[in-house]
Amino acid sequence: QLVEIGYDIDPETEIALGEAAELAGKTQDAETHYNRGLSSFKEIEDKRGEIDALHHLGSLFDFVIYDEVKARKYYEDSLAIAREIEAGWELSFSLRGIAKFMERDGEYELAERYLREALDIKVADGVHSAKYEIINLARLAKTQGKLDEYIDLSKQALNLAVEEFNQDII
């Protein structure tokens with residue numbers, strides 16, 4: 001409503017408003033805010049901001065609207081930018097998002113390669129947890145019937161989660 005009456009809203013606020021709308025179940029409003037944020041980030045040539053907006057749009061279409069075609073396109077667009085600027089953890093998020101679609105399409109080797117690349121980035125980063133990459137690798141192993149690998153990876157993810165929990169308590 002503020003935009004409609006002439007107020008400029010910075011792109012980070014647009015993303016935050018999109019998140020609030022998404023949590024409130026207002027998916028159309030969320031999409032609108034994410035797209036406005038994306039447009040603004042493009043205008044100011046903020047590549048990391050573009051990646052963030054594309055991640056939000058990908059997640060919205062993946063987990064809320066259930067439009068796999070659009071979700072995958074947003075993740076692919078974010079991946080292209082993340083590779084271009086060597087974006088670290090943002091790159092790992094894009095890789096993980098696309099790997100899920102590859103797994104669904106039966107492209108297991110490529111999905112595993114993307115997930116392992118995402119895992120390597122997170123481990124090298126040392127700041128962001130790699131548990132989600134490990135969980136996704138475990139799920140992929142289970143899908144392929146590699147149960148021993150599935151169990152080993154699941155244990156690794158659980159151990160990381162316990163470590164993080166213990167660090168939060170200290």
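Model, not experiment: these values are computed from the prediction.
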For this session: Check step by step if side-chain contact (heavy atoms from CB on, under 4.5 Å) holds for Leu17 and Thr13.
Result: CA-CA 6 Å; Leu17 289 169; Thr13 301; 4.0 Å; yes

Do [X] and [Y] have side chains that approach each other closer than 4.5 Å (heavy atoms only, starting at C-beta)?
| X | Y | value |
| --- | --- | --- |
| Lys122 | Phe93 | no |
| Ile81 | Glu90 | no |
| Ile44 | Pro11 | yes |
| Tyr34 | Ser59 | no |
| Leu60 | Glu31 | yes |

When clusters are formed by joining ILVMFWY residues with side-chain heavy atoms under 4.5 Å apart, either directly or through shared neighbours, do [X] and [Y] land in the same one?
| X | Y | result |
| --- | --- | --- |
| Leu153 | Val123 | yes |
| Leu115 | Leu110 | no |
| Leu57 | Ile65 | yes |
| Trp89 | Ile51 | no |
| Leu137 | Leu95 | no |

For this session: Identify whether the distance between the nearest side-chain nitrogen and carboxylate oxygen of Glu76 and Arg72 falls below 4.0 Å.
Result: yes

Exercise. Hey, is Asp77 close enough to Lys42 for a salt bridge, meaning N to O under 4.0 Å?
Worked result: no

Problem set entry | Whether over 12 other heavy atoms sit under 6.0 Å from Lys131 NZ |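 Check passes, neighbour count above 12.
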
For this session: May I ask you to check whether over 12 heavy atoms, not counting those of Phe101, lie within 6.0 Å of atom CZ?
Result: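 More than 12 within 6.0 Å, yes.
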
Any chance you could measure [X], atom [atom1], to [Y], atom [atom2], to the nearest 0.5 Å?
| X | Y | atom1 | atom2 | answer |
| --- | --- | --- | --- | --- |
| Glu107 | Ile98 | CD | CD1 | 11.0 Å |
| Asn136 | Lys100 | CG | NZ | 8.0 Å |
| Leu54 | Phe41 | CG | CZ | 10.5 Å |
| Leu38 | His33 | CG | NE2 | 14.5 Å |
| Glu68 | Tyr75 | CD | OH | 11.0 Å |
| His56 | Ser78 | NE2 | OG | 12.0 Å |

Looking only at non-hydrogen atoms, find the nearest pair between [X] and [Y] and report the distance.
| X | Y | value |
| --- | --- | --- |
| Leu91 | Ala82 | CA-CB, 3.7 Å |
| Glu133 | Ala118 | CG-CB, 3.7 Å |
| Gly37 | Ile15 | CA-CD1, 4.3 Å |

Problem set entry | Pairs flagged by salt bridge (charged side-chain N to carboxylate O under 4.0 Å, His left out) wherever residues 137-154 is involved - sequence neighbours left out | Glu103-Arg139, Arg116-Glu149

Exercise. Name the one of Arg104, Lys70, Arg96 that satisfies salt bridge (charged side-chain N to carboxylate O under 4.0 Å, His left out) with Asp62?
Worked result: Arg104

Exercise. What residues, two or more places apart in sequence or in another chain, satisfy ring-ring contact (aromatic ring centres under 6.0 Å, His included) together with Phe61?
Worked result: Tyr74

For this session: Take Thr32 and Gln28 through the side-chain contact (heavy atoms from CB on, under 4.5 Å) test and state the conclusion after the steps.
Result: CA-CA 6 Å; Thr32 298; Gln28 186 61 48; 3.9 Å; yes

Exercise. Transitive ILVMFWY cluster of Tyr132 at side-chain heavy atoms under 4.5 Å: who else is in it?
Worked result: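 Hydrophobic cluster check, Tyr132: joined to Ile135.
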
